[in-house]
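What you see is a predicted model, and the numbers here were worked out from it, not measured in a lab.
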Amino acid sequence: MITVINGVTSKQILANEVVTILNTLNLDGYFYLGYPVLGGIDGKIKVDALLVCKQYGVVLFDLDMSCGEDIENKITLLDELYNNMEARLKRYSYLSNRRKLQVPIHVVSYAPRYRLSDEDICISLEELKQYLECLNWEQHENYYEKLLEAIQMISKIKKRGNRANLLKDTSKGSKLKEIENQISCLDKYQSKAVIETVEGVQRIRGLAGSGKTIVLALKVAYLYTMYEDKVIAITFNSRALKGQFIQLITNFIIENTNEEPDWDRIKIIHAWGSKNSEGMYFNFCKANNIICYDYMDACRKYGRSADAFDKVCQEAVEMVVSPKTLYDMILVDEAQDFSKYFLQMCYMSLPKESRMLVYAYDELQSLDNKNVDSPEEIFGYHNGKPNVVLDNSNGKSEDIVLSKCYRNSRPVLITAHSLGFGIYREKETREQTPLVQLFEDKKLWEDIGYTIKDGVIEDGKTVTLYRTEETSPGFLENHSSIEDLIQFRKFDNIIQEANWIVEDIENNLKNEELKYQDIMIIHPDPKVTKSYVSQIRIMLMDKKIKSHIVGVQTTPDDFFQEESIAITQIYRAKGNEAAVVYLINADLCAKGINLSRKRNILFTAITRSKAWVRVSGLGNDMDILINEYKRVKENHFQLQFDYPNEVQRKNMRIIHRDMTQNELREIKKSNYSLEDIASKIQKGEIRKEDLDMSVLNTLKDVLFR
């Protein structure tokens, strides 16, 4: 089957005619429209369409609606397309045997208004079909997957780390190299997300590890090559992503065009910014001549809370009536961390006639318990109709779901989802569901790659979900035993925990052939990260292993450093990944107030891992997480739960909601009062009979109803 990827083109009618022919030929591969751009000595050449399939190899299409009769110029163009594609493919030694390229390259012009045809110029669909039917590629079994890798240039773009000095076939370093070598191509959904572009809003949803960040980086680079007169901005919440975006975008543009990017046309900017650094919010405020708040200003006005940025964005959006155009296109990563007001602000910063906004998110990675509203709710209504409606009626995907996970193995991802949702958490009351949170859209389970094994996803019904090889590739887990892939450990004190972590890190560096950049230590609470990790850092130093706290010993834009272990709080970890992830002090996320946010922290931290996960903590609360992990493991890494009814879902949202500082203060005050009363009764300072019976009865009814 041919997968059609609709890129940027002005030749849609001719392309549709070619697709009609391809669909009759029983081919297996991809048909790219408006892709790729070939960089040659004389400049860039934009390919009208490209067919990559097992039966034919590579077919480059020139689509011509003119009435031209200059056959010589047309043949010169086809020769140029051939030569540039051959030069590109020859850069990949694995596509050649000795000096001979093993992939056939064909070039053809479909020019229905020409009066005369030629060997490589077809003037009718019948001629085009005959031309294609004469093609053949006998060696596709040996080279097709590698051909896709070369066309998409993923291996070149990602610049895999050099692991040439590996000595042990069974070391973690060797296993990691094998994993990285197998992640070399975009799947059809990722390809659509990169290349398919709409004149409006496009939404990309995907679970952790599905490639959202690399897709957005490649999309920026693709749009840059296709729209030479437009300014493109990409924005994000985690400042540590900036370096990653610069690297990916630079590599893609150079590989495509043989030219360095023009950074006047690409803006890689943080969502907020400050008085000393560029940001989407600050640029919007300055351009529209309204007050700007930095972090401290926002906290002074709205309180030191997670939604301070949301408040300043809301104020900015509501103050501006006729917004200035700042960019031609905007792409937003980590949209789950932003309110609708930030997305509205981005939308308002685009030209009215063509508001090209792309935003990507994973709802379970929200660390502030935000839900991403529907496009209708975000961008509003006009004359009773939504300003933005996502559909695929034009053949291009405006709402893309990335269901395949390329970072986390099946056991790791399902463990993360299990803890994140509280699937195997102990019930607190008989009526209450053990779940902490749940997708509002029941269909989303299947969209993100789960398959129903038993039951149905309906209120009050039991369902069992699992992941198949199709959405969780086996090579991500087959390299190691479950006991090595995932470990949960409980310790009595910080010293014991630190000692275990440091010994394991030393072993990974000295015996398992891993690099410093393969290791990440995550702490869940930014307020105490620096003090909590001090013992780990001292012990690492004693073993002559350097470490750094991201954003403290480094600039906010830097994450990994040469010959140093990255230690980070959870907010800076987002968007980054490492082979081995140590989540320490995880007991903080087991229970208590703001449980949805705490469980999202567990999910986000665990899903930073490309291979191995180590979760550790202290005391009885760590037992809660260990028991939940034991249950998901006993259930063979499947999610089995009773789908809560509407009343249970409502209670779940209320109980585990992210509370304001005022609510937390009131709860603390109430708990203190109850604790004081209980203590005085125990000491005999007051008697039970002294308490108002009506108050006791009310408390009894509330607690035990």
*Asks:* Which heavy atom of Y131 sits nearest a heavy atom of C122, and at what distance?
*Replies:* CB-SG, 4.0 Å
*Asks:* Does the D328 side chain pair with the main chain of V231, one donor and one acceptor, at a distance under 3.5 Å?
*Replies:* yes
*Asks:* Quick one: are Q344 and I378 in side-chain contact, heavy atoms under 4.5 Å?
*Replies:* yes
*Asks:* Looking only at side chains, do Q102 and K146 share a donor and an acceptor under 3.5 Å apart?
*Replies:* no
*Asks:* Does a donor on one side chain sit under 3.5 Å from an acceptor on the other, for Y450 and H417?
*Replies:* yes
*Asks:* Looking at R608 and N576, would you say the former's side chain and the latter's main chain have a donor-acceptor pair under 3.5 Å?
*Replies:* yes
*Asks:* Check whether the side chains of R88 and N258 place a donor and an acceptor atom closer than 3.5 Å, and report yes or no.
*Replies:* no
*Asks:* Please determine, by modelled atom types, if N84 and E80 share a side-chain donor-acceptor pair under 3.5 angstrom.
*Replies:* no
*Asks:* Strictly distance-based, threshold 3.5 Å: is any side-chain N or O of E398 a donor or acceptor partner for the main-chain N or O of V201?
*Replies:* no
*Asks:* Is the distance between the ring centroids of F245 and F236 under 6.0 Å?
*Replies:* yes
*Asks:* Between T213 and D333, do the side chains contain an N or O donor and an N or O acceptor separated by less than 3.5 Å?
*Replies:* yes
*Asks:* Give the ring-plane orientation class for F61 versus F31, where under 30° counts as parallel, over 60° as perpendicular and anything between as tilted.
*Replies:* perpendicular
*Asks:* Relative to the ring of Y30, is the ring of Y32 parallel (under 30°), tilted (30 to 60°) or perpendicular (over 60°)?
*Replies:* parallel
*Asks:* Between Q638 and T464, does the side-chain hydrogen bond (donor to acceptor under 3.5 Å, both in side chains) criterion hold? Intermediate values first, please.
*Replies:* CA-CA 7 Å; Q638 299 175 134; T464 302; over 6 Å; no
*Asks:* If you take all heavy atoms of I232 and V220, which pair is closest and at what distance?
*Replies:* CD1-O, 3.9 Å
*Asks:* If we only count heavy atoms from C-beta on, is the M280 to I330 side-chain gap below 4.5 Å?
*Replies:* yes
*Asks:* Enter the distance from I269:CD1 to I234:CD1 here, rounded to the nearest 0.5 Å.
*Replies:* 10.5 Å
*Asks:* Can D118 and K74 be counted as an ion pair, charged N to O under 4.0 angstrom?
*Replies:* no
*Asks:* May I ask you to decide if the ring planes of Y361 and Y359 are parallel, tilted or perpendicular, using 30° and 60° as cut-offs?
*Replies:* parallel
*Asks:* Under 3.5 Å, is there a donor-acceptor pair between the R410 and S472 side chains?
*Replies:* no
*Asks:* So do E228 and K46 actually touch side chain to side chain, heavy atoms under 4.5 Å?
*Replies:* yes
*Asks:* Looking at Y224, is its backbone amide N or carbonyl O close enough to the side chain of R265 to form a donor-acceptor pair, meaning the two atoms are under 3.5 Å apart?
*Replies:* yes
